[in-house]
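Chain letters run A, B, ... following the sequence lines, proteins first, then strands; residues in each count from 1.
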Number of protein chains: 2
Amino acid sequence: MALKHSRQRDAVYNFLKDRKDHPTADTIYAGVRDEYPNISLGTVYRNLMVLRDTGKIRTVDVGDGVIHFDADTSEHNHFICTRCGRVEDLEMESIDRVKEIAAANFAGKITGYSAYFYGVCERCLAEQKEPADRQDREQTTG
Amino acid sequence: MALKHSRQRDAVYNFLKDRKDHPTADTIYAGVRDEYPNISLGTVYRNLMVLRDTGKIRTVDVGDGVIHFDADTSEHNHFICTRCGRVEDLEMESIDRVKEIAAANFAGKITGYSAYFYGVCERCLAEQKEPADRQDREQTTG
DNA sequence: TTAATATTGATAACCGTTACTATTATTATA
DNA sequence: TATAATAATAGTAACGGTTATCAATATTAA
């Protein structure tokens, strides 16, 4: 099935591409509804998956059981705050070597990797915020 | 609520502790039913979460939408085969430094991390197996 | 023993995601 | 520009893993 243009797909992508946070389908759905009040949640999901499969966006599995989406497809890692749940990009140098190190003593073929760092974000550190609904575990699922 | 002893909880833990794969709740449920045919799936889930919260086991989020469980709580990383879905432990040296590298240019506090490597496992490489129900993407969700 | 209470089994509810389908929008072609 | 082919949509139902509920049971302390 050859891809056809779709205004709704554009709207989904445009909503995501200017964002630095990593919203879930629900947030994207709510945002796009400003422009397309009748858009269906299924349409949002379908287009998000199409955009992922065509390499326009990537999915980010934070470990909270909900899929997050990221328009930045460049290789980078993520930090997840165990207090507020915020997901931030994490720029770090020389992590490219990690893949090589892992491949060194592994019999299979490694094609990619993703790393997730957990802790307390700058904002929560400053606020010394109470742990909210989200549990403040040292290590979340992952 | 002070923890009370439970035979079912022991069975869940004993099933998991000798395993090198990273079974899901369903697999554990099926396994424990050999010994406790009337155990409920809810009981398995509840005890798995209790075991996690008490640090006896850890959860592993592979990115397939299902929680995997691992009795090895030592810090180690995982490899996920994009063909057969197998999850293997990945021993790699000098990855301890990764956390330090990440913390170097980050304002928050990093307490832990987990890395997931994707690729084709040794067995699938040998068999040149056809991609099954699981999509053979280079980068799965994550 | 008895009393207090954590745990269980059974089942319903929950919720993020996916599938279904008649209708509509997009694109190619005449 | 009209027409035909078909991809995409809105609305909604279904799906599946996980969580919540609750009366009955097991565990522990006294």
| query | Atom CG of A:Asp10 to atom C1' of C:dT26: distance rounded to whole Å? | reply | 12 Å
| For B:Gln8 and A:Tyr45, take the nucleotide of DNA chain C holding the closest heavy atom to each; which residue's nucleotide lies nearer the 5' end? | B:Gln8
| said: Taking A:Gly119's backbone N and O only, do any of them form a donor-acceptor pair with A:Thr82's side chain (distance below 3.5 Å, no angle check)? | reply: yes
| Could you give the CG-to-P distance, from B:Asp53 to C:dA6, as a whole number of Å? | 16 Å
| message | In whole Å, I'd like the distance from the CD1 atom of B:Ile39 to the C1' atom of C:dT11. | response | 16 Å
| message | Nearest whole Å is fine: how far is C:dT17 C1' from A:Leu41 CG? | response | 8 Å
| message | Measure CG/B:Asp61 against C1'/D:dT18 and give the value in whole Å, please. | response | 13 Å
| Interatomic distance, A:His5 NE2 vs C:dA25 P [rounded to whole Å] | 14 Å
| message | If you assign B:Thr24 and B:Lys4 each to the DNA chain D nucleotide with the nearest heavy atom, which residue ends up on the more 5' nucleotide? | response | B:Thr24
| Candidates C:dT7, D:dT9, D:dT18 - which lies nearest the side chain of B:Leu3 | C:dT7
| field | Nearest-nucleotide comparison on DNA chain D, the residue closer to the 5′ end among A:Ser40 and A:Arg9 | value | A:Arg9
| query | Going by atom types only, do B:Asp21 and B:His68 share a side-chain donor-acceptor pair under 3.5 Å? | reply | no
| remark: Checking D:dA10, C:dG16, D:dT18 against the side chain of A:Val66 (C-beta onward), the nearest is C:dG16
| Between atom CG in A:Leu48 and atom P in C:dG16, what is the gap in whole Å? | 15 Å
| request: Report yes if some heavy atom in the side chain of B:Asp26 is under 4.5 Å from a heavy atom in the side chain of B:Leu41; otherwise report no. | output: yes
| Going by distance alone, is a donor N or O of one side chain under 3.5 Å from an acceptor N or O of the other, for A:Arg33 and A:Tyr29? | yes
| query | Angle class for the A:His78/A:His22 ring planes (parallel below 30°, perpendicular above 60°, tilted otherwise)? | reply | perpendicular
| query | Among C:dT8, C:dT27, C:dT18, which nucleotide sits nearest the side chain of B:Thr43? | reply | C:dT8
| Can you check the B:Arg46 CZ to C:dG9 P distance for me, whole Å? | 8 Å
| query | Looking for any heavy atom pair under 4.0 Å, which part of the strands does A:Asn47 touch: base, sugar-phosphate only, or nothing? | reply | sugar-phosphate
| said: Nearest to the B:Ser6 side chain among C:dT8, C:dT26, D:dT18, which nucleotide is it? | reply: C:dT8
